[in-house]
Amino acid sequence: MKPALRGSSPWPRALLRFALVAAVAAPFCARASTGADVPWTTYEARSMATTGARLGPGYEPNTIETESTGQQCVRLGAAGQWIEFTAAGGANALVVRYSLPDSGQGGGIDSAMDLLVNGTRVRTLELTSRYAWLYGRYPFTNRPSDGKPRNFFDEARAKGLAIAAGDRIRLRWTGAGAAWCAVDLIDLENAPAPLPAPRRALSILDFGADPSGRSDATGALRTCIEAARAEGRPVWVPAGDYRITGEILVPSNVAIQGAGPWHTTFVGDPALYGDPARRVRFKLNGSRIRLADFAIIGRLAYRNDSEPNDGVIGARCADTTISNLWIEHTKVGIWIYNGVDLRIEGCRLRDTVADGINLCVGTRGTVIEDCAARGTGDDCFAIWPAASDQGFSSEGPKSGHNVIRHCTGQLPFLANGAAVYGGASNRVEDCLFTDIGTGCGILVSTTFPTSDGPGGVDNNFSGTTEIRDCDLVRCGGYDHDWAWRGSIQICMDRRSIAGLTLSGVRVKDSISSGITVVAPGAARGEGVLSDARLEKVSVARPGLNGSPHHDLWISAGASGAIDLSGCSMPDVRNDADHFALIGK
């Protein structure tokens with residue numbers, strides 16, 4: 001969410017890194033060391049057998065193809081049409097990323113899809129578009145009449161399956177309730193058995209929680225947390241669906257442990273979700289807090305930046321771990337204000353209305369690692385050291401020294417894969433960003449405010465910001481306010497930028513230009529890039545959309561310099577009179 005300006009990893013490194021598997025089970029991975037370790041294998045609909053129609057590739061804004069993997073998907077337009085593929089390995093759980101049309105007046109419709117294994121129907125998946133489809137200009141509406149649609153996709157998940165390597169997996173649309181159904185991808189996963197209760201834990205069931213989701217579990221969870229804090233014991237939430245209808249405050253020295261994100265789920269109440277005070281919101285306020293191994297499924301269908309965030313909120317927290325959470329349909333996944341020495345690891349952020357994870361205001365020394373974001377409504381991962389935001393001021397730590405490491409960002413319907421908007425010596429490293437059709441794979445920018453002159457706050461870039469050893473594939477799409485962005489963009493807007501190194505970064509199949517340097521702040525004297533260096537950066541095959549593009553483009557008005565060393569970018573265009581390319 002932006003202003004109206006527009007322990008150890010639970011997934012060991014032995015697991016396959018973000019393998020995208022097509023019909024012949026060929027792994028898609030620029031190299032084995034980038035992106036998140038994830039326990040699932042992804043199969044793309046564009047590579048499957050089908051009786052439906054293949055859409056794309058397409059790169060224009062506000063189309064379903066642009067929000068699809070490889071800018072292609074499959075549309076099933078009649079009852080009984082299907083897609084099919086062969087499983088490369090065994091699995092007991094499945095996720096399908098799909099799209100249904102909206103209702104005529106907005107608000108979504110429902111449908112269903114049958115899952116068949118080797119020709120036998122084993123499950124019917126419920127589908128809905130009630131949490132998809134936004135329209136018009138940022139921050140968007142739910143009215144189809146406003147045009148410019150986006151947020152086409154949602155996801156459905158199923159567990160308790162029995163899929164073996166070599167099985168034929170077919171998804172067959174029932175045709176119920178909708179004119180069509182489109183499919184982008186399917187994840188197969190071997191979900192682990194439910195985790196056991198931690199030693200000495202207090203179970204939420206002993207405080208009256210209903211694991212069926214029929215009764216409200218908010219009071220039981222709050223009471224269990226208070227008892228656990230007083231007794232120095234962890235909170236245990238066994239497998240089940242727990243309906244939450246209000247904020248859950250998590251104070252110092254409290255651990256909330258679930259049975260795993262496939263098994264323990266905190267669910268919002270759709271009837272109450274229009275009231276921001278009645279949403280699923282875990283607010284961390286204190287130190288030595290731990291959240292682990294559960295899912296949060298919100299019910300948010302619109303964006304209003306004046307409302308508080310739901311999901312997980314860190315409010316002046318420190319020495320805290322957030323691990324192996326699965327968060328969907330909230331405003332943001334995880335938003336941290338003034339957090340110090342946090343570790344966020346192994347989390348899945350899916351189909352949020354705004355950011356996946358944002359380190360905001362005075363957040364310092366925090367690591368985001370092995371997290372995967374898909375279908376977010378703003379930056380997948382962001383570092384935004386705002387001077388203040390929603391009541392949180394910079395009276396606290398000096399923002400900086402945060403790291404986004406071994407993360408994967410895909411398919412946001414607004415904004416970028418990773419964005420750094422200021423702060424001291426932050427890093428993005430060993431990450432994979434793919435199919436960013438609405439902005440950059442990586443953005444380094446001063447677009448959003450980071451200073452407060454009267455308050456003496458200046459969180460602009462300082463030290464050296466590092467982007468290193470990352471892969472960007474099919475990024476650099478059309479931003480709703482900024483037109484075409486590069487796969488990587490350096491943007492001097494409100495402030496100039498000093499101290500930036502890009503090293504070992506590989507840009508492949510960029511939708512527009514590979515790397516762009518732009519200076520909308522030049523008219524105010526804020527268009528200078530200094531102490532900047534590109535080392536062993538490569539750009540291959542830019543310009544998928546066919547518009548004018550370059551490996552590296554410097555816009556008119558920019559000033560300053562970039563040192564180039566060992567780069568592979570043969571097509572460089574410098575339209576700036578006062579900008580130097582050193583070593584070119």
Side-chain angles (χ1 to χ4, degrees), residues 2-3 5 314 316 318 336-342 357-368 379 381-389 392-405 416 418-429 431 440 442-470 488-503 505 515 517-522 524-535 537 558-563 565 579-580 582:
K2 307 294 193 309
L5 298 169
R316 298 186 181 92
I336 306 298
Y337 302 94
N338 294 337
V340 179
D341 296 336
L342 275 64
I357 302 176
N358 194 310
L359 307 182
C360 194
V361 193
T363 297
R364 184 177 183 87
T366 290
V367 176
I368 305 171
D379 297 321
F381 306 98
I383 299 172
W384 177 33
S388 63
D389 188 49
F392 294 88
S393 71
S394 287
E395 296 176 0
K398 178 71 173 176
S399 172
H401 302 279
N402 302 297
V403 182
I404 302 169
R405 174 190 298 143
N416 314 287
V420 183
Y421 296 109
S425 300
N426 295 301
R427 304 200 310 271
V428 179
E429 58 190 24
C431 290
C440 309
I442 299 174
L443 172 65
V444 178
S445 173
T446 57
T447 294
F448 296 108
T450 57
S451 62
D452 176 7
V457 175
D458 186 357
N459 287 334
N460 193 29
F461 288 93
S462 62
T464 300
T465 301
E466 296 184 67
I467 312 295
R468 63 191 190 195
D469 298 321
C470 293
I488 299 173
Q489 185 166 99
I490 304 164
C491 176
M492 288 78 70
D493 190 353
R494 289 172 175 263
R495 304 289 298 277
S496 294
I497 295 175
L500 174 64
T501 296
L502 276 67
S503 62
V505 177
I515 303 172
V517 179
V518 300
R524 302 184 302 276
E526 295 289 0
V528 181
L529 177 64
S530 58
D531 191 18
R533 183 174 180 82
L534 271 61
E535 303 171 344
V537 174
S559 57
I562 293 181
D563 238 333
S565 175
F579 195 97
I582 302 170

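Both backbone and side-chain heavy atoms feed into the values below; hydrogens, waters and symmetry mates do not.
Contact of the Val444 side chain with the Ile497 side chain is registered, since non-hydrogen atoms from C-beta on lie closer than 4.5 Å. For the pair Leu502/Ile442, no side-chain contact is recorded, criterion being any heavy-atom separation below 4.5 Å from C-beta on. The side-chain heavy atoms of Tyr421 and Leu443, taken from C-beta on, include a pair separated by under 4.5 Å.
Residues forming a salt bridge (Lys or Arg N to Asp or Glu O under 4.0 Å) with Asp563 (at least two apart in sequence, or on another chain): Arg533. Looking at residues two or more places apart in sequence or on another chain, you find a side-chain contact (heavy atoms from CB on, under 4.5 Å) between Ser462 and Ala424. With sequence neighbours excluded, no residue satisfies salt bridge (Lys or Arg N to Asp or Glu O under 4.0 Å) with Glu526. Applying the side-chain hydrogen bond (donor to acceptor under 3.5 Å, both in side chains) rule to Arg427 yields the partners Glu429; only residues at least two apart in sequence or on another chain are considered. For Thr465, the side-chain contact (heavy atoms from CB on, under 4.5 Å) partners at least two apart in sequence or on another chain are Val420, Phe461, Leu500.
Of the residues Ile383, Val428, Val403, Leu359, the one that meets the side chain to side chain contact (heavy atoms under 4.5 Å, CB included) test with Ile368 is Leu359. Between Asn426 and the options Thr366, Thr464, Asn402, a side-chain hydrogen bond (donor to acceptor under 3.5 Å, both in side chains) holds for only Asn402.
Put simply, CZ on Arg316 and CD1 on Ile336 are 13.0 Å apart, with the number rounded to the nearest 0.5 Å. For the atom pair CG (Leu342) and CZ (Arg364), the distance works out to 13.5 Å, reported to the nearest 0.5 Å. If you take CD1 on Ile562 and OG1 on Thr501, they are separated by 10.5 Å, rounding to the nearest 0.5 Å.
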request  = Could you walk me through whether Leu529 and Ile490 pass the side-chain contact (heavy atoms from CB on, under 4.5 Å) test, one step at a time?
outcome  = CA-CA 9 Å; Leu529 177 64; Ile490 304 164; 4.0 Å; yes
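With Asn460 contributing its side chain and Ser496 its backbone, the two residues share a donor-acceptor pair below 3.5 Å. Here the side chain of Trp384 pairs a donor or acceptor atom with the backbone of Pro449 at under 3.5 angstrom. Proximity of a side-chain donor or acceptor of Asp531 to a complementary backbone N or O of Ala498 within less than 3.5 Å is not detected. Side-chain atoms of Arg524 come within 3.5 Å of backbone N or O of Asp493 as a donor-acceptor pair. With Asn459 contributing its side chain and Gly423 its backbone, the two residues share no donor-acceptor pair below 3.5 Å. In this structure, Asn416 contributes its side chain and Cys440 its backbone to a donor-acceptor pair below 3.5 Å.
A salt bridge between Asp458 and Lys398 is absent, with no side-chain N of the basic residue lying under 4.0 Å from a carboxylate O of the acidic one.
Legend: salt bridge (charged side-chain N to carboxylate O under 4.0 Å, His left out) pairs involving residues 447-457, not counting sequence neighbours: none detected.
The shortest heavy-atom contact between Ala519 and Ala558 is CB-CA, 3.6 Å.
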